[in-house]
A.B. asks: 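What follows is a structure written as structure tokens; I'll ask about it next.
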Amino acid sequence: MRRLMSSKAWPPAKTASGILSTQPEENPHWWNANMVFIPYCSSDVWSGASPKTEKSGYAFMGSLIIQEVVKELLGKGLDAAKVLLLAGSSAGGTGVLLNVDLVADLLEELGYPGIQVRGLSDSGWFLDNKQYRRTDCTDIITCAPTEAIQRGIRYWSSMVPERCKQQFKEGEEWNCFFGYKIYPTLRSPVFVVQWLFDEAQLTVDNVHLSGQPVQESQWLYIQNLGRELRNTLKDVGASFAPACLAHEVITRSHWTEIQVRGTSLPRALHCWDRRLQETNKNSKVPLKGCPFHLMDSCPWPQCNPTCPSIRDHFTGQEMSVVQFLMHLGFDVQKMASQQGMEPGKLLGVLSS
């Protein structure tokens with residue numbers, strides 16, 4: 001994508017928010033950490049190692065950019081760090097999964113085995129599922145997730161972690177771009193944040209929720225997507241998966257407001273951090289009253305009352321959950337009988 005390949009349109013300064021904020025109210029646990037923001041301008045899911053040539057005219061060097069930044073930071077104090085948290089959103093979230101072990105290996109090779117490398121992957125856990133409507137791959141938006149990656153890898157000369165590569169036949173490395181396939185091969189601890197109804201996933205799956213009420217087949221597809229995602233996350237020791245329709249969260253100022261079963265995301269990350277400090281290994285035994293494996297079990301988009309609000313595409317007005325579901329063509333009678341409830345009770349639950 002052209003806009004992800006140049007710094008021309010970047011503003012001269014960027015206001016940091018969410019996990020990059022230096023305000024304790026907005027970033028309760030890491031407000032005074034050393035933070036480095038690496039803007040995305042390689043358009044390769046942070047995987048590339050392909051310099052510009054006369055033939056291609058483009059450089060895709062995302063993975064090398066991360067390695068060079070880490071090397072440079074060693075001379076600016078990183079050499080004395082106990083922990084390096086590699087975090088990213090969207091393509092950056094997938095980039096974390098692809099690079100976290102490479103960064104750990106790099107630091108070990110350079111003689112810094114004492115720095116614990118961890119990953120925080122936000123909105124980068126995509127599914128290589130079947131699109132709702134199959135479309136030909138004419139541009140990045142219509143391309144099915146697998147086909148986009150298969151094509152991209154050829155241009156990017158992607159660096160894929162060896163342990164994941166070994167799980168697949170030669171030429172099948174594209175599998176490692178999908179969280180549920182690469183995660184079991186990772187050695188570094190990783191915390192996964194993923195909306196169960198991720199807008200980018202729905203876009204590549206050709207489900208468009210603006211304008212017309214959705215058809216029943218779309219509605220079933222959306223519910224099934226939530227179920228599939230939930231399944232892929234059940235063995236992920238550290239995760240936060242609210243049933244919301246959104247994309248990206250960790251650098252948004254409202255990231256403290258979203259809760260799953262009464263626990264906010266910063267709190268869950270803090271619990272995960274404490275657990276790692278205590279054991280120095282990825283143990284699944286939760287600390288008392290300090291959970292870090294949190295997943296919504298309700299079946300529809302926005303069924304979690306702390307979800308970010310949704311706006312009507314045409315009027316810009318905020319929609320309540322009930323308005324949003326009605327707008328999608330939600331059948332209250334039918335859903336109530338599926339859930340074994342009175343329709344009035346179901347509406348009450350949704351409203352509250």
Side-chain angles (χ1 to χ4, degrees), residues 1-21 34-73 75-76 78 84-100 102-103 106 119-126 135-160 173-174 176-178 198-204 208 246-253 255:
M1 290 173 98
R2 283 291 179 94
R3 64 185 178 77
L4 299 177
M5 295 208 67
S6 168
S7 57
K8 266 191 188 150
W10 292 355
K14 196 172 165 60
T15 305
S17 52
I19 203 170
L20 291 170
S21 169
N34 293 299
M35 304 182 212
V36 176
F37 176 71
I38 317 179
Y40 185 40
C41 66
S42 54
S43 190
D44 57 0
V45 201
W46 295 99
S47 71
S50 164
K52 181 175 169 178
T53 60
E54 277 170 25
K55 204 171 88 187
S56 78
Y58 288 103
F60 297 101
M61 301 177 82
S63 189
L64 299 180
I65 289 170
I66 293 173
Q67 294 193 29
E68 288 305 317
V69 169
V70 168
K71 283 183 200 166
E72 187 173 329
L73 290 174
K76 298 181 187 297
L78 179 64
L84 168 60
L85 179 67
L86 189 67
S89 298
S90 195
T94 312
V96 166
L97 299 169
L98 288 166
N99 286 283
V100 69
L102 292 174
V103 168
L106 173 70
L120 169 56
S121 172
D122 165 29
S123 305
W125 186 275
F126 291 102
T135 43
D136 287 331
C137 183
T138 50
D139 61 42
I140 191 79
I141 301 297
T142 58
C143 223
T146 41
E147 195 174 349
I149 296 298
Q150 285 166 350
R151 290 186 180 206
I153 275 182
R154 296 202 295 270
Y155 294 107
W156 304 332
S157 309
S158 295
M159 288 175 77
V160 172
E173 295 85 357
W174 59 267
C176 296
F177 282 70
F178 294 94
D198 185 274
E199 287 173 320
Q201 178 79 53
L202 286 165
T203 299
V204 293
H208 302 289
H247 185 59
E248 303 191 355
V249 67
I250 60 172
T251 55
R252 305 286 163 89
S253 51
W255 81 306

A.B. asks: How would you list all residue pairs meeting side chain to side chain donor-acceptor pair (under 3.5 Å) that involve residues 9-19, not counting sequence neighbours?
C.D. replies: none
A.B. asks: Residues two or more places apart in sequence or in another chain: which of them pass disulfide bond (SG atoms under 2.5 Å apart) with Cys143?
C.D. replies: Cys137
A.B. asks: Once side chain to side chain contact (heavy atoms under 4.5 Å, CB included) is applied, do any residues pair with Leu20, and if so which ones, sequence neighbours excluded?
C.D. replies: Ala16, Met35, Phe37, Thr251
A.B. asks: For the residue pair Arg2 and Tyr58, what are the closest heavy atoms and their distance?
C.D. replies: NH2-OH, 2.9 Å
A.B. asks: Are the side chains of Asp198 and Trp125 in touch, meaning some heavy atoms are under 4.5 Å apart?
C.D. replies: no
A.B. asks: Using the salt bridge (Lys or Arg N to Asp or Glu O under 4.0 Å) criterion, which residues pair with Glu248? Sequence neighbours excluded.
C.D. replies: Arg252
A.B. asks: Could you tell me if Ser90 and His247 have a donor-acceptor pair between their side chains, going purely by distance under 3.5 Å?
C.D. replies: yes
A.B. asks: State, with a plain yes or no, whether a side-chain heavy atom of Leu86 is found less than 4.5 Å away from one of Asn99.
C.D. replies: yes
A.B. asks: Check whether any side-chain heavy atom of Leu102 sits under 4.5 Å from a side-chain heavy atom of Ser63, and report yes or no.
C.D. replies: yes
A.B. asks: Given 3.5 Å as the limit, does a donor-acceptor pair link the side chain of Asp44 with the main chain of Trp156, or not?
C.D. replies: no
A.B. asks: Can you check whether Ser43 reaches Met5 side chain to side chain, under 4.5 Å on heavy atoms?
C.D. replies: yes
A.B. asks: Would you say the side chain of Met159 lies within less than 4.5 Å of the side chain of Gln67, judging by non-hydrogen atoms?
C.D. replies: yes
A.B. asks: If you take all heavy atoms of Ile65 and Ser42, which pair is closest and at what distance?
C.D. replies: CD1-CB, 4.2 Å
A.B. asks: Stepwise, does the side chain to side chain contact (heavy atoms under 4.5 Å, CB included) test hold for Leu120 with Ile19?
C.D. replies: CA-CA 11 Å; Leu120 169 56; Ile19 203 170; 3.5 Å; yes
A.B. asks: Does any part of the side chain of Thr146, heavy atoms only, come nearer than 4.5 Å to the side chain of Phe177, both counted from C-beta?
C.D. replies: no
A.B. asks: Report the residues that fulfil ring pair (Phe, Tyr, Trp, His ring centres under 6.0 Å) with Tyr40, sequence neighbours left out, ordered by chain and then residue number.
C.D. replies: Trp46
A.B. asks: For residues Leu85 and Gly119, report the shortest heavy-atom separation together with the two atoms involved.
C.D. replies: CD1-C, 4.0 Å
A.B. asks: Among Leu98, Thr94, Ile66, exactly one meets side chain to side chain contact (heavy atoms under 4.5 Å, CB included) together with Ser47. Which residue is that?
C.D. replies: Leu98
A.B. asks: Is there side-chain contact between Ser158 and Trp174, with at least one heavy-atom pair below 4.5 Å?
C.D. replies: no
A.B. asks: Rounded at 0.5 Å granularity, tell me how far NZ in Lys8 sits from SG in Cys41.
C.D. replies: 13.0 Å
A.B. asks: Before giving the answer on side chain to side chain contact (heavy atoms under 4.5 Å, CB included), spell out for Arg151 and Glu147 the whole-Å C-alpha distance, their side-chain angles and the decisive distance to 0.1 Å.
C.D. replies: CA-CA 6 Å; Arg151 290 186 180 206; Glu147 195 174 349; 3.0 Å; yes
A.B. asks: Closer than 3.5 angstrom, by distance alone: can the side chain of Ser50 be matched with the main-chain N or O of Tyr155 as a donor-acceptor pair?
C.D. replies: yes
A.B. asks: Would you check if the side chain of Ser121 reaches a backbone N or O of Gly93 as a donor-acceptor pair within less than 3.5 Å?
C.D. replies: yes
A.B. asks: Could you note down all residue pairs passing salt bridge (charged side-chain N to carboxylate O under 4.0 Å, His left out) where residues 47-58 supplies at least one of them, sequence neighbours left out?
C.D. replies: none
A.B. asks: Consider side chain to side chain contact (heavy atoms under 4.5 Å, CB included). Of Ile149, Val160, Leu97, Ile153, which one does Cys176 pass it with?
C.D. replies: Val160
